[in-house]
Amino acid sequence: MFQTGLVTLLLGRSDVAAAVDIGAVLDLLAAGFRTPVAEPAPLRIRTDLPGPGTATCLMPGLLPDVPAYTVKVNAKFPAAVPALRGVVCLHSLADGELLALLDSASVTAWRTGLAAALATHTLADPEAHTLGFVGAGAQAATTLAGLRHLRRWSRVVATDLDPARAAALPAEVVSSPASVAAAADVVVLATWSREPLLGRADVRAGQHLTSLGADEPGKRELAADLLAASRLIVDDVDLALSGGALGSAGLTADACAGTLGAVLRGELPAVAPQSVYSPVGLPWQDLALCWAVYQQAVGAGAGTRVDLLG
Ligand SMILES: NC(=O)c1ccc[n+]([C@@H]2O[C@H](COP(=O)([O-])OP(=O)(O)OC[C@H]3O[C@@H](n4cnc5c(N)ncnc54)[C@H](O)[C@@H]3O)[C@@H](O)[C@H]2O)c1
């Protein structure tokens, strides 16, 4: 299965995009979420930098039955395009051989967007067919691609500090987060906000919200009163407390109903009168995407081969 001759496959943005099979990745992500959390616990290391950016490292990405692991190194600069840059190293679990180096902006956007789509489709009322976005950048675009794969939407609206981005999603542009919540049964937030963009008064029974931007300490998209009044599902309770929606809103673990994994394993009901999903993003999700893309690229002869030890 592995390449011989210690060759590393370089997979850039267009290589990753060409190799993403949305249905296959959604299946791998669903299987990953259903797997009970294994040791070693996932590490998300983050540090401020002098200036406007942060440095993050997520490792190790591990999944049962996948003979490889990932280490992801990201630069996060909110004002840059793309805002995330870096590499994901895909290594053999047997001997550490570096199988591939993948563009992490693409890997992160696809794995986040498709995992968010899976969660949103699972937790939202099956009869909900209007969709809205607050923030129309990289994560929003891949979430929309995944949600279009999973469900028919009769209307898609969006707001962004840059209205041209909302239009390019593509979506009908509206003026504010509250207008998105008024127009859509399902709302996805993917911004860099450090202040709540929606509170309890902005939402109604039957709505589902997925908040992707509360993934680092101090980042907030939903007010504490809204989170407390909703059935809150996360991807990892400890990480939601230390660096995600719970901790940044000053809430405790009691405010959280459980994990998406528990829902997909049937331990918790899927649909609630009003629900929120707020993940921080886990290393195994990088592996799910990278492994699927790597196998597809090897089969297609795609990417650039380099010998870093040559
Ligand atoms: N939870 C996860 O698993 C996960 C994974 C990756 C990224 N993220 C987070 O998702 C967020 C979006 O990342 P991205 O790569 O899409 O960034 P991006 O810069 O590509 O897009 C963000 C968009 O939000 C808009 N925006 C910012 N603040 C806004 C506000 N107050 N109201 C309306 N629009 C606003 C920006 O104009 C931009 O178009 C970031 O906070 C990032 O850290 C979360």
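Atoms considered below: every heavy atom in the structure, side chains included; atoms not considered: hydrogens, waters and symmetry mates. Both counts, for ligands and for their atoms, begin at 1 and track the order of listing. Position 1 is the first residue of the sequence; numbering continues from there. Since the structure is predicted, the reported quantities are computational estimates derived from the model, not experimental observations.
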(Q) I want to know if ligand 1 touches Trp192 in the polar sense, i.e. an N/O pair below 3.5 angstrom. (A) yes
| Is the closest N or O pair between Arg165 and ligand 1 shorter than 3.5 Å? | yes
Give the ring-plane orientation class for Phe33 versus Trp284, where under 30° counts as parallel, over 60° as perpendicular and anything between as tilted. perpendicular
Taking the side chain as every heavy atom from C-beta outward, state whether Lys76 and Glu216 have any pair of such atoms under 4.5 Å apart. yes
Going by the 4.0 angstrom heavy-atom rule, the piece of Asp215 near ligand 1 is side chain
- prompt: Hey, does Asp162 come in under 3.5 Å of ligand 1, counting only N/O atoms on both sides?
  reply: no
For Asp103, the salt bridge (charged side-chain N to carboxylate O under 4.0 Å, His left out) test, sequence neighbours excluded, returns none
Legend entry - Flag side-chain contact, heavy atom, 4.5 Å: Trp291 against Leu63: no
Short version for Thr112: what comes under 4.0 Å of ligand 1, heavy atoms counted, is side chain
Discussion item. Any non-hydrogen side-chain atom of Val188 less than 4.5 Å from a side-chain atom of Gln139?
Written reply: no
d(Glu127 CD, Arg151 CZ) to nearest 0.5 Å is 8.5 Å
Applying side chain to side chain contact (heavy atoms under 4.5 Å, CB included) to Asp225 and not counting sequence neighbours gives Arg200, Ala223
Worksheet item: Can you find an N/O atom of Thr191 closer than 3.5 Å to an N/O atom of ligand 1?
Response: yes
request  = Before signing off on this row, confirm whether Lys76 and ligand 1 have an N or O atom pair separated by under 3.5 Å.
outcome  = yes
Logged contact type for Val280 with ligand 1, heavy-atom cut-off 4.0 Å, is backbone
At under 4.0 Å between heavy atoms, what of Leu197 touches ligand 1? The answer is side chain
Checking heavy atoms under 4.0 Å, the part of Glu221 that sits near ligand 1 is neither
| query | Is Ala83 in polar range of ligand 1, meaning some N or O pair under 3.5 Å apart? | reply | no
Does any N/O atom on Val134 come nearer than 3.5 Å to any N/O atom on ligand 1? no
Next item on the list: Indicate yes or no: does an N/O atom of Leu84 lie under 3.5 Å from an N/O atom of ligand 1?
Entry: no
